[in-house]
Amino acid sequence: MDKLINLFVSSGIYQIQLGQAVMIAVGLGLLFLAIKKNFEPLLLVPIGFGGIMANIPEAGLALSAVENALHLGGPEVVQQLSEMLGVSGADPKAIKEAYAMAGQAKHMQVTQMAIDAGFNNGMLYNFYLISIASGAAPLLIFMGVGAMTDFGPLLANPKTLFLGAAAQFGIFATVLGAVGLTSLGLMDFSIQDAAAIGIIGGADGPTAIYVASMLAPQLLGAIAVAAYSYMALVPMIQPPIMRALTSEDERKVAMTQLRHVTKTEKIFFPLVLLLLVAMLLPDAAPLLGMFCFGNLMRECGVVERLSDTAQNALINIVTIFLGLSVGSKLVADKFLDVNTLGILLLGVVAFGIGTACGILMAKVMNKFSSTPINPLIGSAGVSAVPMAARVSNKLGLEANPQNFLLMHAMGPNVAGVIGSAVAAGVMIKFVG
Amino acid sequence: MDKLINLFVSSGIYQIQLGQAVMIAVGLGLLFLAIKKNFEPLLLVPIGFGGIMANIPEAGLALSAVENALHLGGPEVVQQLSEMLGVSGADPKAIKEAYAMAGQAKHMQVTQMAIDAGFNNGMLYNFYLISIASGAAPLLIFMGVGAMTDFGPLLANPKTLFLGAAAQFGIFATVLGAVGLTSLGLMDFSIQDAAAIGIIGGADGPTAIYVASMLAPQLLGAIAVAAYSYMALVPMIQPPIMRALTSEDERKVAMTQLRHVTKTEKIFFPLVLLLLVAMLLPDAAPLLGMFCFGNLMRECGVVERLSDTAQNALINIVTIFLGLSVGSKLVADKFLDVNTLGILLLGVVAFGIGTACGILMAKVMNKFSSTPINPLIGSAGVSAVPMAARVSNKLGLEANPQNFLLMHAMGPNVAGVIGSAVAAGVMIKFVG
Amino acid sequence: MDKLINLFVSSGIYQIQLGQAVMIAVGLGLLFLAIKKNFEPLLLVPIGFGGIMANIPEAGLALSAVENALHLGGPEVVQQLSEMLGVSGADPKAIKEAYAMAGQAKHMQVTQMAIDAGFNNGMLYNFYLISIASGAAPLLIFMGVGAMTDFGPLLANPKTLFLGAAAQFGIFATVLGAVGLTSLGLMDFSIQDAAAIGIIGGADGPTAIYVASMLAPQLLGAIAVAAYSYMALVPMIQPPIMRALTSEDERKVAMTQLRHVTKTEKIFFPLVLLLLVAMLLPDAAPLLGMFCFGNLMRECGVVERLSDTAQNALINIVTIFLGLSVGSKLVADKFLDVNTLGILLLGVVAFGIGTACGILMAKVMNKFSSTPINPLIGSAGVSAVPMAARVSNKLGLEANPQNFLLMHAMGPNVAGVIGSAVAAGVMIKFVG
Amino acid sequence: MDSPSLISEGFTLMLAGMGFVFVFLTLLVYATTAMSKLVNKYIPEAQPAAAAPAPSAAPAPLAQDQAQLTAVIAAAIKQYRANHKK
Amino acid sequence: MDSPSLISEGFTLMLAGMGFVFVFLTLLVYATTAMSKLVNKYIPEAQPAAAAPAPSAAPAPLAQDQAQLTAVIAAAIKQYRANHKK
Amino acid sequence: MDSPSLISEGFTLMLAGMGFVFVFLTLLVYATTAMSKLVNKYIPEAQPAAAAPAPSAAPAPLAQDQAQLTAVIAAAIKQYRANHKK
Ligand code: NA
Ligand code: NA
Ligand code: NA
């Protein structure tokens with residue numbers, strides 16, 4: 001009987017905190033958006049599910065051994081932890097802060113104590129350590145994306161790289177917005193936080209997760225959710241901006257057919273890009289290096305089986321772990337914060353500004369270019385491959401039913417991937 | 001010449017202990033059962049082979065760096081180990097015990113010393129650490145099983161969940177049996193050991209391995225071998241019990257056709273189950289959470305590629321490592337013990353009692369139900385998916401050649417998976 | 001402006017050292033050989049690309065946290081490191097040496113300090129730790145190779161194992177060559193280095209990497225590059241030697257058709273081999289154990305899905321990481337050394353001697369055998385599966401257009417794999 | 001639990017365990033049945049994609065999607081903070 | 001090994017190594033040949049699934065399977081313990 | 001950087017960042033264009049496998065391959081050492 005009462009007292013329903021219930025609802029909401037509305041389901045299904053699991057009361061799936069000891073351990077364990085960390089009293093918050101400030105040696109010592117007291121890292125926390133904290137998962141996904149990317153349209157028209165550059169202004173404008181909101185006292189972001197939030201404007205999931213994991217891990221959940229959600233929303237966010245900034249005539253502009261690109265050019269391109277990264281921005285080397293490696297495997301034609309695996313089994317396995325790990329950052333304490341609303345707000349602004357700058361850049365280029373450039377392809381510079389390119393195509397067809405822009409828009413689209421990875425490198429360099 | 005003599009002296013044939021020879025024979029026996037008799041070959045081939053490798057003399061493949069240092073190191077190394085652990089004398093057994101009692105910090109210190117002395121973890125020991133000690137492998141297999149499971153028959157007839165509940169009595173009766181044998185002085189099991197042995201009655205490999213790795217890692221080899229072997233033996237163990245407990249007329253009972261289950265119901269079911277677990281039994285959250293996640297990926301229809309990978313590449317990779325790691329627990333010292341015979345005996349009893357309780361529950365339900373229930377489907381409640389359901393179908397056809405019970409029996413069959421995962425959660429909660 | 005200058009100063013182009021530029025060129029050269037000349041592209045594409053990434057200035061992708069701290073940290077950090085290691089002054093070379101001499105406990109302490117100072121392991125360094133330093137990647141590749149190997153031709157004519165034995169003389173002659181060059185003062189190899197270099201003559205990539213990672217990790221890059229390159233060059237290295245050592249008549253010898261080998265024999269063979277290894281050479285147990293395990297999965301016929309995964313998804317994933325990790329050992333400091341030229345020279349000598357000994361052994365066997373043996377199949381004993389067997393076949397057809405030696409040469413070919421794994425075990429035993 | 005005998009520990013575990021398994025699966029029977037009824041009532045199969053009234057033209061539901069994302073999370077934060085004022 | 005010169009170490013390694021490789025592969029030749037003979041004698045291909053005399057009806061070998069599992073392990077333990085009485 | 005305000009840090013990051021992104025992608029435009037021109041001039045598609053003059057018979061390029069490997073690495077080491085004599 002004692003045991004049954006004990007079972008009930010320690011059951012979720014008795015212990016649940018409001019925040020956890022709310023976050024479980026958020027997780028269900030993400031699953032709804034993913035499954036019903038088709039919002040980037042490959043990521044949002046694992047993220048949403050991971051978010052629910054992370055908020056199961058008393059299970060501690062998303063917590064480290066030390067956090068579990070602090071939360072579930074009796075007063076004796078907490079006392080030991082506070083002594084070891086030199087905190088007077090047993091205030092969990094003070095202990096957590098002291099732990100965060102301590103060095104690696106102390107971290108290890110405290111963790112050993114927590115394990116000796118019978119506590120362990122939660123399952124999702126382990127997934128997070130291995131896939132995200134190590135940096136491996138976003139890089140492997142980037143390798144897979146590289147193996148899926150065809151740089152043909154970009155090589156046929158390299159000028160479209162400028163569109164991919166212009167659209168990155170969304171990233172940096174958002175950084176400014178984030179520090180502005182902080183200066184106004186509305187939010188509380190450091191420059192690292194601002195940089196990580198800005199990268200949402202890159203419209204590139206793995207880049208956003210990689211940067212956030214390095215600069216602002218505590219915001220990773222919100223940033224990843226915003227990045228993937230807005231990528232799914234590109235077909236709604238972009239068209240009004242595109243229509244507002246272009247005239248009917250501009251949208252009708254037909255572009256000359258892309259030249260044929262040889263296999264050899266495609267093999268050399270990832271090497272050229274890698275060498276440029278090596279020379280100019282070593283901090284972007286992991287991201288762009290793995291991207292180029294994936295692309296080289298794709299194009300070189302002699303390692304089909306590796307390329308296939310990078311595009312299928314490997315990227316799928318990594319996606320499962322990455323999604324669950326991002327979900328583990330949706331624990332109530334860290335997510336239910338006014339800063340999360342700020343991130344959502346800034347994220348959509350970033351997408352908007354990036355879109356607008358891409359369009360405007362395309363209009364400028366159209367003025368100076370020998371061959372006509374339809375400004376609609378500028379918006380594809382934010383990346384969000386291939387959705388943004390499809391949006392450009394769709395609006396082009398609306399204006400002129402013979403005007404197929406899809407391949408033309410793929411150039412800026414993949415340029416946007418490179419652009420935001422470069423922006424990520426700059427940020428890691430300066431504020432990392 | 002010295003080198004050649006040295007080579008012979010350190011060769012396996014000179015150093016082999018009887019126990020190792022016996023265990024190699026056991027490993028070959030398991031391979032025979034797997035390959036020739038088709039006993040769950042996906043697990044028993046790796047387990048059997050791992051068992052042979054674990055018992056190769058002098059190779060230490062299944063031992064930790066510390067164990068290897070203790071076994072292969074000269075008297076100087078052993079002396080150092082015993083000093084570090086505060087043991088007087090150099091008795092290996094005393095040193096092992098002192099090591100087991102020591103805390104994490106001491107473990108690390110001793111391991112560092114062993115590595116400095118030139119010893120390392122064996123290959124299989126590393127596989128074990130990563131796949132089983134971390135808890136990851138059984139959970140990932142459960143995810144894959146979830147992605148392979150169709151809950152349609154269960155949703156068409158949710159009452160069959162009661163059959164899955166009743167059949168778990170085999171688990172708890174076996175716990176009682178194990179403590180009983182210990183009280184009688186015949187065996188020597190702690191309550192944790194008894195719980196881990198009982199779970200064999202759950203007829204669910206990954207659940208059994210997960211529980212055993214948490215409650216009784218030293219028995220893991222025997223428990224996993226028993227669980228998988230008896231699952232393979234379900235077509236022999238169940239029929240006599242089923243015939244004994246049912247009359248010819250009962251076996252002839254035809255069941256009404258199952259209603260159509262919509263896709264939406266199938267999507268909601270894993271979420272309902274997850275929320276119930278979250279509210280009532282957080283300790284079952286890792287197991288059932290991953291199971292539900294796999295099933296949601298399967299049913300939601302928008303992440304086909306993740307679901308495919310979970311059912312194929314990922315589960316296959318994990319199975320290879322899991323099997324070899326279980327095999328690593330078949331080292332002679334730990335396996336060749338009278339307790340192993342007890343485990344084999346108790347395991348078959350658990351299967352029998354579970355089968356009987358499922359049948360009896362089905363008979364009771366048939367009395368009170370508006371629609372007829374054939375008692376033969378009760379035995380499927382032990383899980384052993386899909387073998388137990390096939391056995392029900394076979395006996396049904398024997399009694400009435402028009403009576404196809406397979407789909408009806410799939411309901412209790414998958415209910416049994418849930419039931420034993422819940423039982424596992426209760427055990428981890430109470431004695432973990 | 002400051003930031004832009006800072007960006008340039010820390011950019012690769014400003015910081016690049018000559019050695020790094022040279023190694024990037026070597027990496028590009030390897031990619032050229034792999035892609036254009038089809039030199040073992042599955043390995044040389046990742047190795048070449050990894051080599052380029054490893055030499056990106058300032059990125060430190062191939063360096064440990066401690067090395068990065070030493071290289072990128074300010075004088076304060078270096079000072080702390082030297083104090084911790086008890087080195088007077090701040091000479092990086094002295095610090096590295098002191099670190100290499102220190103024990104595990106000190107390593108951990110120094111690493112913790114480096115992390116506290118903001119430095120981390122580079123991406124490629126982590127890949128190296130996980131895939132090669134742990135020993136896992138070569139073993140898993142060997143498992144996959146086992147799952148791809150058909151021992152039928154060997155079982156039909158077990159005597160061809162002698163050819164696989166004779167060809168290993170290339171390995172040991174090279175060891176002697178390496179110590180000879182050292183005694184002459186031309187190179188500087190220890191006996192461990194010599195053993196690792198010799199194994200190039202085994203013509204077996206994973207074996208070479210496994211042995212090098214254990215005996216001479218600092219030479220791993222050069223050894224792996226040599227091993228894979230010479231395997232690709234087998235069609236050029238072998239024919240002149242084969243022609244020189246055989247007469248036209250000998251090359252014309254037709255062999256009797258191979259007998260049919262039953263499935264059961266094929267199942268038993270990996271077990272027989274494993275037991276022999278267990279009895280005689282435990283040090284070869286990891287390599288040959290995993291090889292036999294892969295082969296048993298292939299032949300037993302009941303674990304198709306595991307065998308498929310071992311041959312596809314798993315081996316491909318491991319190959320990607322293994323290749324990049326080997327590439328990480330192509331950092332300028334370690335590779336640009338006269339010893340590397342020595343390794344390249346000795347490697348080709350090893351291939352040549354192995355080929356010659358295989359041929360000579362075949363000639364001897366032809367004398368004493370009841371059935372005729374074409375000496376051309378002897379060269380296949382170096383392994384380099386299946387290239388060497390194809391070379392034997394080609395030269396046989398040149399001499400006699402009706403003489404198909406391919407299947408006859410597959411026997412010594414796979415025997416060579418076993419032979420070099422045994423040689424590897426002996427070396428690990430004696431100088432490991 | 002003041003050191004019970006092993007046997008009595010076994011009994012307690014059996015009773016608590018079977019009790020809990022039955023309670024849990026009974027609740028699951030009810031929850032599943034209720035879920036199925038609700039689903040078949042409100043999301044019938046013929047029209048499985050419409051959780052909200054959205055049978056209008058294409059662009060309409062789009063605008064609403066964006067709102068949904070923010071709504072999902074903003075509502076969450078609002079409710080949470082409302083309940084956490086100290 | 002009292003510090004031999006590098007060259008002599010190399011020689012020893014060569015002799016021991018080649019010697020061992022030949023011994024091992026020679027034994028493997030014999031073992032393989034013996035295995036093949038035994039297999040083809042006792043488990044000929046036409047009937048490859050019958051290691052024990054089991055050509056009767058279906059249910060018979062089943063009962064025997066269960067026995068086999070316990071037999072395999074019980075025999076192992078028995079033999080081991082018999083040899084380990086101190 | 002003597003502790004600038006957060007806003008000014010943001011501005012600097014924006015300027016440096018956008019500046020660098022444009023510089024980088026501009027260089028990439030030029031590099032790509034140059035690469036394409038060179039490739040199409042020296043390695044035209046009709047004959048994509050011939051980086052070196054190798055349109056002769058089969059055995060000829062083979063001998064050259066072996067040289068290439070050693071050449072690639074030996075040249076690397078030579079050049080490196082030539083520049084590293086202290
Ligand atoms: Na982008
Ligand atoms: Na079960
Ligand atoms: Na070989």
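Just so we're clear, the structure is a prediction, and the values are computed from it rather than from any experiment. Numbers restart at 1 for each chain; the letters A, B, ... are given by sequence-line order, proteins then strands.
- In this structure, chain B has a heavy atom under 4.5 Å from the side chain of Leu61(A), while its backbone stays farther away.
- You'll find the side chain of Ile315(A) reaches within 4.5 Å of the side chain of Arg305(B), heavy atoms only.
- Side-chain contact between Ile56(A) and Leu274(B): present, with at least one pair of heavy atoms (C-beta onward) separated by less than 4.5 Å.
- Between Thr319(A) and Thr309(B) the shortest side-chain heavy-atom distance does not fall below 4.5 Å.
- Interface remark: of the candidates Ala136(B), Cys292(B), Gly135(B), Cys292(B) forms the most heavy-atom pairs closer than 4.5 Å to chain A.
- Here the CG-CE distance, from Asn316(A) to Met297(B), works out to 9.5 Å after rounding to the nearest 0.5 Å.
- At a 4.5 Å heavy-atom cutoff, the contact between Leu306(B) and chain A is made by backbone and side-chain atoms alike.
- Contacts between Leu314(A) and chain B at a heavy-atom distance below 4.5 Å are absent for every atom of the residue.
- For Leu124(A), no part lies under 4.5 angstrom from a heavy atom of chain B.
- Each of Val303(B), Leu140(B), Asp308(B) has some count of heavy-atom pairs under 4.5 Å with chain A, and the biggest count is that of Val303(B).
- Interface remark: of the candidates Ala310(B), Ser134(B), Cys300(B), Gly301(B), Cys300(B) forms the most heavy-atom pairs closer than 4.5 Å to chain A.
- Residues Lys106(B) and Asp116(A) are not in side-chain contact: their nearest non-hydrogen atoms beyond the backbone lie 4.5 Å or more apart.
- Ranked by heavy-atom pairs shorter than 4.5 Å toward chain A, the options Met290(B), Met143(B), His107(B) are led by Met290(B).
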